[in-house]
Amino acid sequence: MARFLIGKLVMRRLPDGLAGGRIVETEAYVAGDAAGHGFNGPTPRNRTLFGPPGRAYIYIAYGTSMMLNVSCSPVGVGTGVLIRALEPAIGIALMESNRGTKRIRDLARGPGRLTQALDIDLRFDGIDLCGPGDLWLATDGANAPKIGRSVRIGLSKEAHRPLRFFARGNAFVSGPKSLNA
DNA sequence: AGTGCGATTGACT
DNA sequence: GTCAATCGCACTA
(Lines give C-alpha, C1' and ligand atoms only; values in the text may rest on other atoms or scores of the structure.)
Protein backbone atom coordinates (compact mmCIF):
# COMPACT_ATOMS: atom_id res chain seq x y z
CA MET A 1 0.00 0.00 0.00
CA ALA A 2 2.82 2.42 0.80
CA ARG A 3 4.34 1.71 -2.60
CA PHE A 4 0.98 1.91 -4.38
CA LEU A 5 0.21 5.35 -2.99
CA ILE A 6 3.32 6.94 -4.51
CA GLY A 7 2.13 8.99 -7.48
CA LYS A 8 -1.50 9.15 -6.32
CA LEU A 9 -3.13 12.41 -5.23
CA VAL A 10 -4.29 13.81 -1.89
CA MET A 11 -7.19 16.17 -2.58
CA ARG A 12 -8.77 18.71 -0.26
CA ARG A 13 -11.81 20.94 -0.73
CA LEU A 14 -11.15 24.22 1.08
CA PRO A 15 -13.60 27.10 1.55
CA ASP A 16 -11.77 29.05 -1.17
CA GLY A 17 -11.28 26.20 -3.62
CA LEU A 18 -9.64 22.91 -4.39
CA ALA A 19 -6.10 22.05 -3.32
CA GLY A 20 -4.03 18.94 -3.62
CA GLY A 21 -0.72 17.30 -4.36
CA ARG A 22 0.93 14.17 -5.64
CA ILE A 23 2.24 11.74 -3.05
CA VAL A 24 6.01 11.45 -3.38
CA GLU A 25 6.95 9.84 -0.06
CA THR A 26 5.33 7.29 2.30
CA GLU A 27 6.21 4.99 5.17
CA ALA A 28 4.63 1.65 6.06
CA TYR A 29 3.85 0.66 9.66
CA VAL A 30 3.19 -3.05 9.48
CA ALA A 31 1.83 -5.80 11.76
CA GLY A 32 4.20 -6.70 14.59
CA ASP A 33 6.11 -3.44 14.08
CA ALA A 34 7.27 -2.01 17.41
CA ALA A 35 7.52 1.45 15.84
CA GLY A 36 3.85 1.41 14.81
CA HIS A 37 1.18 3.07 16.90
CA GLY A 38 -0.89 -0.11 16.77
CA PHE A 39 1.82 -2.31 18.28
CA ASN A 40 0.40 -2.31 21.82
CA GLY A 41 -3.24 -2.58 20.79
CA PRO A 42 -6.04 -0.03 20.48
CA THR A 43 -6.07 3.16 22.56
CA PRO A 44 -8.22 6.29 22.30
CA ARG A 45 -5.66 7.93 20.05
CA ASN A 46 -5.03 5.12 17.59
CA ARG A 47 -8.46 3.50 17.38
CA THR A 48 -8.83 4.54 13.73
CA LEU A 49 -5.92 2.27 12.83
CA PHE A 50 -7.95 -0.68 14.11
CA GLY A 51 -11.05 0.27 12.13
CA PRO A 52 -11.72 -0.42 8.45
CA PRO A 53 -8.99 0.19 5.85
CA GLY A 54 -8.87 3.34 3.76
CA ARG A 55 -9.61 5.75 6.60
CA ALA A 56 -7.62 8.81 7.61
CA TYR A 57 -5.70 8.21 10.84
CA ILE A 58 -4.51 11.59 12.09
CA TYR A 59 -2.48 12.27 15.20
CA ILE A 60 -0.33 15.03 16.62
CA ALA A 61 3.44 14.60 16.70
CA TYR A 62 5.64 16.62 19.05
CA GLY A 63 2.65 18.61 20.20
CA THR A 64 2.54 20.65 17.02
CA SER A 65 2.46 18.68 13.77
CA MET A 66 -0.51 16.78 12.35
CA MET A 67 0.35 13.45 10.72
CA LEU A 68 -1.82 12.00 7.94
CA ASN A 69 -1.97 8.21 7.65
CA VAL A 70 -4.10 5.73 5.75
CA SER A 71 -5.42 2.75 7.74
CA CYS A 72 -4.50 -0.40 5.86
CA SER A 73 -5.81 -3.55 7.46
CA PRO A 74 -9.13 -5.26 8.34
CA VAL A 75 -11.02 -4.31 11.48
CA GLY A 76 -9.08 -5.41 14.54
CA VAL A 77 -5.60 -5.07 13.01
CA GLY A 78 -3.72 -1.80 13.47
CA THR A 79 -1.48 -1.01 10.50
CA GLY A 80 -1.16 2.08 8.35
CA VAL A 81 0.80 4.16 5.87
CA LEU A 82 2.13 7.61 6.76
CA ILE A 83 1.98 10.20 3.97
CA ARG A 84 5.28 12.07 4.32
CA ALA A 85 5.41 14.48 1.40
CA LEU A 86 3.43 15.87 -1.53
CA GLU A 87 4.40 17.58 -4.75
CA PRO A 88 1.98 20.54 -4.85
CA ALA A 89 -0.30 20.24 -7.88
CA ILE A 90 -3.57 22.12 -7.45
CA GLY A 91 -4.49 25.22 -5.46
CA ILE A 92 -0.90 26.24 -4.83
CA ALA A 93 -1.93 29.76 -3.81
CA LEU A 94 -4.16 28.28 -1.10
CA MET A 95 -1.31 26.15 0.19
CA GLU A 96 1.03 29.15 0.18
CA SER A 97 -1.49 31.00 2.30
CA ASN A 98 -1.91 28.13 4.76
CA ARG A 99 1.85 27.69 5.09
CA GLY A 100 2.84 31.33 5.17
CA THR A 101 5.51 30.91 2.51
CA LYS A 102 5.82 31.12 -1.25
CA ARG A 103 8.65 28.65 -1.44
CA ILE A 104 6.94 25.88 -3.42
CA ARG A 105 9.46 23.30 -2.27
CA ASP A 106 8.59 23.96 1.38
CA LEU A 107 4.80 23.75 1.03
CA ALA A 108 4.35 20.03 1.57
CA ARG A 109 7.84 18.51 1.96
CA GLY A 110 7.38 16.73 5.31
CA PRO A 111 4.39 15.15 7.07
CA GLY A 112 3.62 18.14 9.28
CA ARG A 113 3.99 20.60 6.44
CA LEU A 114 1.61 18.84 4.07
CA THR A 115 -1.17 18.74 6.65
CA GLN A 116 -0.67 22.44 7.33
CA ALA A 117 -0.70 23.22 3.62
CA LEU A 118 -4.02 21.41 3.18
CA ASP A 119 -5.52 22.45 6.54
CA ILE A 120 -5.86 18.85 7.69
CA ASP A 121 -6.39 18.31 11.42
CA LEU A 122 -8.08 15.95 13.89
CA ARG A 123 -11.51 16.77 12.45
CA PHE A 124 -10.65 14.36 9.66
CA ASP A 125 -9.57 11.46 11.87
CA GLY A 126 -11.59 8.41 10.92
CA ILE A 127 -13.08 9.65 7.66
CA ASP A 128 -13.26 7.41 4.59
CA LEU A 129 -10.58 8.60 2.15
CA CYS A 130 -12.35 6.83 -0.72
CA GLY A 131 -15.73 8.39 -0.08
CA PRO A 132 -17.31 11.78 -0.68
CA GLY A 133 -16.10 14.55 1.60
CA ASP A 134 -13.59 17.37 1.89
CA LEU A 135 -10.50 15.14 1.96
CA TRP A 136 -9.90 12.17 -0.33
CA LEU A 137 -7.40 10.12 -2.32
CA ALA A 138 -7.46 10.16 -6.10
CA THR A 139 -5.55 9.10 -9.19
CA ASP A 140 -5.15 10.88 -12.50
CA GLY A 141 -3.79 7.80 -14.25
CA ALA A 142 -0.26 9.13 -14.42
CA ASN A 143 2.45 6.52 -14.76
CA ALA A 144 4.00 5.53 -11.44
CA PRO A 145 7.40 7.16 -10.95
CA LYS A 146 10.58 5.22 -10.24
CA ILE A 147 10.37 4.30 -6.59
CA GLY A 148 13.27 4.35 -4.14
CA ARG A 149 13.34 2.67 -0.76
CA SER A 150 15.07 3.35 2.56
CA VAL A 151 14.79 3.01 6.30
CA ARG A 152 12.11 5.14 7.94
CA ILE A 153 12.82 8.61 9.30
CA GLY A 154 12.89 9.70 12.94
CA LEU A 155 12.51 6.31 14.62
CA SER A 156 14.41 4.76 17.49
CA LYS A 157 12.63 1.40 17.39
CA GLU A 158 12.75 -0.83 14.31
CA ALA A 159 15.13 1.69 12.79
CA HIS A 160 16.63 -0.77 10.33
CA ARG A 161 13.46 -1.78 8.48
CA PRO A 162 13.39 -0.50 4.87
CA LEU A 163 9.76 0.59 4.89
CA ARG A 164 10.03 4.10 3.49
CA PHE A 165 9.17 4.65 -0.19
CA PHE A 166 9.74 7.73 -2.32
CA ALA A 167 9.68 9.05 -5.88
CA ARG A 168 13.30 8.81 -6.95
CA GLY A 169 14.88 12.12 -7.86
CA ASN A 170 11.81 14.16 -6.91
CA ALA A 171 12.68 17.51 -5.29
CA PHE A 172 9.62 17.41 -3.00
CA VAL A 173 10.77 14.34 -1.07
CA SER A 174 11.79 15.04 2.56
CA GLY A 175 14.63 13.48 4.47
CA PRO A 176 18.44 13.57 4.26
CA LYS A 177 20.13 13.21 0.89
CA SER A 178 21.79 10.04 2.10
CA LEU A 179 18.42 8.26 2.23
CA ASN A 180 17.10 9.59 -1.06
CA ALA A 181 19.34 7.81 -3.51
C1' DA B 1 -1.58 12.68 39.62
C1' DG B 2 3.11 12.51 37.87
C1' DT B 3 6.37 11.36 34.28
C1' DG B 4 8.81 10.48 29.90
C1' DC B 5 8.76 10.54 25.19
C1' DG B 6 8.22 11.15 20.53
C1' DA B 7 6.37 8.71 12.77
C1' DT B 8 8.77 17.23 13.48
C1' DT B 9 9.79 21.75 12.40
C1' DG B 10 12.12 26.12 12.04
C1' DA B 11 15.75 28.97 13.53
C1' DC B 12 20.43 29.33 13.70
C1' DT B 13 25.90 28.35 12.80
C1' DG C 1 25.22 20.71 9.85
C1' DT C 2 23.13 21.33 15.19
C1' DC C 3 19.38 22.18 18.60
C1' DA C 4 15.40 23.53 21.39
C1' DA C 5 10.33 24.22 21.51
C1' DT C 6 6.15 21.88 22.53
C1' DC C 7 2.08 19.08 24.40
C1' DG C 8 -0.95 15.08 23.92
C1' DC C 9 -0.78 10.55 25.10
C1' DA C 10 0.35 6.21 27.30
C1' DC C 11 2.23 4.24 31.21
C1' DT C 12 3.19 3.82 36.19
C1' DA C 13 1.93 4.37 41.01
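Convention: sequence-line order gives letters A, B, ...; per-chain numbering from 1.
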Query raised in the report: Does E158(A) reach the main-chain N or O of A34(A) with its side chain, forming a donor-acceptor pair under 3.5 Å?
Result: yes
Report task. Round to the nearest Å and state the distance from L68(A) atom CG to dT9(B) atom C1'. Result -> 17 Å
Requested in this report: Calculate the interatomic distance between E25(A) atom CD and dA7(B) atom P; express it in whole Å.
Outcome: 15 Å
Query raised in the report: Looking for any heavy atom pair under 4.0 Å, which part of the strands does R109(A) touch: base, sugar-phosphate only, or nothing?
Result: nothing
Query - Who pairs with dG2(B) - Watson-Crick or G-U, where each distance is under 3.5 Å - result: dC11(C)
Requested in this report: Tell me, please, whether F165(A) has R3(A) positioned over its six-membered ring: NZ or CZ under 6.0 Å from the ring centre and within 45 degrees of its axis?
Outcome: no
Query raised in the report: Taking only N and O in the side chain of R84(A), is any of them less than 4.0 Å away from OP1 or OP2 of dT8(B)?
Result: yes
Requested in this report: May I ask whether Y62(A) stacks on the base of dA5(C), given the cut-offs of 5.5 Å between ring centres and 30° between planes?
Outcome: no
Query raised in the report: Rounded to the Å, how far apart are N69(A) CG and dT8(B) C1'?
Result: 14 Å
Query raised in the report: How is R45(A) classified with respect to the nucleic acid when contacts are heavy atoms under 4.0 Å: base, sugar-phosphate, or nothing?
Result: sugar-phosphate
Requested in this report: Find which nucleotide of DNA chain B each of S156(A) and R99(A) is nearest to by heavy atoms, and output the residue with the more 5' nucleotide.
Outcome: S156(A)
Query - Between dT9(B) (C1') and L107(A) (CG): distance, integer Å - result: 15 Å
Query raised in the report: Between dT6(C), dA7(B), dT9(B), which nucleotide has the shortest distance from any of its atoms to the side chain of S65(A)?
Result: dT9(B)
**Report entry** Interatomic distance, E27(A) CD vs dT8(B) P [rounded to whole Å]
**Finding:** 7 Å
**Report entry** From CE (M66(A)) to CG (D119(A)), nearest 0.5 Å
**Finding:** 9.5 Å
Requested in this report: Would you confirm whether R113(A), through its side chain, and R109(A), through its main-chain N or O, come within 3.5 Å as a donor-acceptor pair?
Outcome: yes
Query raised in the report: What is the nucleic acid contact for N40(A), judged by heavy atoms within less than 4.0 Å: base, sugar-phosphate only, or nothing?
Result: sugar-phosphate
Report task. Tell me whether the OP1 or OP2 atom of dG6(B) has a side-chain N or O from R152(A) closer than 4.0 Å. Result -> no
Query raised in the report: L122(A) has an atom CG; how far is it from atom P of dC9(C), in whole Å?
Result: 8 Å
Query raised in the report: Between atom CD in Q116(A) and atom C1' in dT8(B), what is the gap in whole Å?
Result: 12 Å
Requested in this report: Ignoring backbone atoms, test whether T43(A) places a side-chain nitrogen or oxygen under 4.0 Å from the OP1 or OP2 oxygen of dA10(C).
Outcome: yes
Query raised in the report: Between dG10(B) and R113(A), is there an OP1 or OP2 to side-chain N/O distance shorter than 4.0 Å?
Result: yes
Query raised in the report: Is there a donor-acceptor pair closer than 3.5 Å between any side-chain N or O of R12(A) and the backbone N or O of L118(A)?
Result: yes
Query raised in the report: Can you tell me the Watson-Crick or wobble partner of dA7(B), both distances under 3.5 angstrom?
Result: none
Report summary line: Taken to the nearest whole Å, CD1/I60(A) to P/dA5(C) is 20 Å
